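From a predicted model like this one, the values you see are computed outputs, not experimental measurements. FYI, the numbering just counts along the sequence from 1. When reading the values below, keep in mind they use all heavy atoms of this one structure, side chains included, and skip hydrogens, waters and symmetry mates.
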Amino acid sequence: MCKMLLSINPEFVTKIINGDKQYEFRKFRCRDDVDRIVIYATAPMKVIVGEAEIDTIIEDDVLNVWEKTKDSAGVSYPFFRQYYKGKSCAYAYKLKNLIIYDKPQTLSDIGVSCAPQSFRYLPT
C-alpha cells in the first residue's frame with residue numbers, strides 16, 4: 001500500500017485533530033493503492049502533524065457528496081461550493097484512526113524537499 005502527503009490549511013488541520021472534520025475534500029481521486037494520508041499543515045506551521053487511514057473514498061456529484069458528508073465535513077456549504085466551483089464531481093476521503101505525532105516532523109525528516117501544491121505520493 002501507499003501513503004499520500006496532503007497539504008492542508010492549518011485551520012482545517014485543527015478541525016481534523018478536534019474531530020470536527022472527518023472528511024478531506026479533493027478535486028481529484030488518488031491512486032487505488034493509497035491507504036494512508038500524511039497530514040502536512042501549510043504555512044505558517046509548515047510541519048507534518050500526523051497521519052490517518054483512509055476509511056472510504058466518496059466519489060459522486062458535488063451536491064451528493066455534500067449531502068453524504070455535511071454533518072462532519074468541517075467546512076461550510078458556501079466554502080464547499082466555492083471549492084468545487086465549475087466541477088461536476090467531488091471526492092471525499094473519510095479519515096479514521098488518526099495518529100497525531102508527539103513531535104511534528106519536517107518535510108526533510110521524511111525525505112521531501114518541498115511542500116506539495118496539493119498532494120504527493122510517498123513510498124511505504
Side-chain angles (χ1 to χ4, degrees):
M1 298 312 282
C2 180
K3 292 181 180 181
M4 177 172 59
L5 175 67
L6 288 184
S7 292
I8 303 174
N9 182 297
E11 170 190 356
F12 299 129
V13 170
T14 299
K15 289 183 176 192
I16 290 169
I17 291 169
N18 293 340
D20 297 329
K21 188 174 192 303
Q22 297 176 18
Y23 290 92
E24 180 57 26
F25 299 101
R26 294 291 154 155
K27 296 175 184 170
F28 300 97
R29 192 181 193 295
C30 66
R31 297 186 326 213
D32 288 337
D33 65 337
V34 175
D35 63 343
R36 297 190 71 77
I37 290 175
V38 176
I39 302 167
Y40 174 75
T42 59
M45 295 176 69
K46 297 183 181 181
V47 291
I48 299 167
V49 298
E51 58 186 86
E53 290 179 42
I54 297 173
D55 184 17
T56 56
I57 302 173
I58 299 171
E59 176 180 347
D60 205 339
D61 171 84
V62 172
L63 294 178
N64 288 338
V65 169
W66 177 254
E67 284 303 315
K68 293 174 184 177
T69 64
K70 64 183 176 184
D71 292 334
S72 50
V75 297
S76 68
Y77 181 68
F79 178 90
F80 181 87
R81 289 297 294 166
Q82 181 62 34
Y83 181 71
Y84 285 111
K85 186 176 182 177
K87 300 288 183 183
S88 58
C89 189
Y91 303 90
Y93 296 86
K94 172 79 165 129
L95 306 176
K96 70 174 184 179
N97 299 329
L98 178 66
I99 298 169
I100 300 304
Y101 301 152
D102 291 334
K103 180 183 176 207
Q105 297 180 350
T106 65
L107 290 172
S108 61
D109 289 339
I110 64 165
V112 174
S113 59
C114 63
Q117 182 67 28
S118 177
F119 73 94
R120 177 182 177 152
Y121 296 116
L122 299 172
T124 52

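Between the CG atom in Leu107 and the CZ atom in Arg120 there is a gap of 9.0 Å [rounded to 0.5 Å]. Put simply, NZ on Lys46 and OG1 on Thr106 are 12.5 Å apart, with the number rounded to the nearest 0.5 Å. Here the OH-NZ distance, from Tyr83 to Lys27, works out to 5.0 Å after rounding to the nearest 0.5 Å. Atoms NZ and CG, from Lys3 and Asp33 in turn, are 13.5 Å apart once rounded to the nearest 0.5 Å.
Residues Phe28 and Phe119 do not share a hydrophobic cluster, clusters being chains of Ile/Leu/Val/Met/Phe/Trp/Tyr side chains in contact below 4.5 Å. Connection of Tyr101 to Leu98 is not established within any shared hydrophobic cluster, with ILVMFWY side chains joined at heavy-atom distances below 4.5 Å, either directly or through further cluster members. Both Val38 and Val112 belong to a single network of hydrophobic side chains, linked directly or stepwise wherever heavy atoms of I, L, V, M, F, W or Y lie under 4.5 Å apart. In the hydrophobic clustering of this structure, Ile48 does not group with Ile39; members are Ile, Leu, Val, Met, Phe, Trp, Tyr whose side-chain heavy atoms approach within less than 4.5 Å, directly or through other members. Tyr23 and Ile99 fall into different hydrophobic clusters, where Ile, Leu, Val, Met, Phe, Trp and Tyr residues are linked whenever their side-chain heavy atoms come under 4.5 Å apart, directly or through other members.
Counting non-hydrogen atoms of other residues, nucleotides and ligands closer than 6.0 Å to NZ of Lys103 gives a total of 12 or fewer.
Considering only heavy atoms from C-beta on, Ile57 comes within 4.5 Å of Ile54 through its side chain. A 4.5 Å side-chain heavy-atom check between Tyr84 and Phe25 finds at least one atom pair inside the cut-off. With a 4.5 Å cut-off on side-chain heavy atoms, Arg81 and Val62 count as touching. Side-chain contact between Ile58 and Asn64: absent, with no pair of heavy atoms (C-beta onward) separated by less than 4.5 Å.
One N or O on the side chain of Tyr121 and one on the backbone of Arg31 form a donor-acceptor pair closer than 3.5 Å. Counting only distance, with no hydrogens or angles, the side chain of Arg26 and the backbone of Ser118 share a donor-acceptor pair below 3.5 Å. The main-chain N or O of Ile37 is never found under 3.5 Å from a side-chain atom of Tyr93 such that the two would form a donor-acceptor pair. Between the Lys94 side chain and the Thr69 main chain, no donor and acceptor come within less than 3.5 Å of each other.
Closest approach of Leu63 to Asp61, counting heavy atoms only: N-OD2, 3.0 Å. Counting all heavy atoms, side chain and backbone alike, Leu122 lies closest to Cys2 at O-SG, 3.4 Å. When all heavy atoms of Trp66 and Val75 are compared, the pair lying nearest together is CH2-O, 3.4 Å.
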Check: residues 5-17 side-chain donor-acceptor pairs under 3.5 Å, at least two apart:
residue : atom : partner : partner atom : Å
Ser7    : OG   : Pro116  : O            : 2.6
Asn9    : OD1  : Glu11   : N            : 2.8
Thr14   : OG1  : Pro10   : O            : 3.1
Lys15   : NZ   : Gly74   : O            : 3.1

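The stretch residues 66-75 participates, sequence neighbours left out, in these salt bridge (Lys or Arg N to Asp or Glu O under 4.0 Å) pairs: Asp60-Lys68, Glu67-Lys70.
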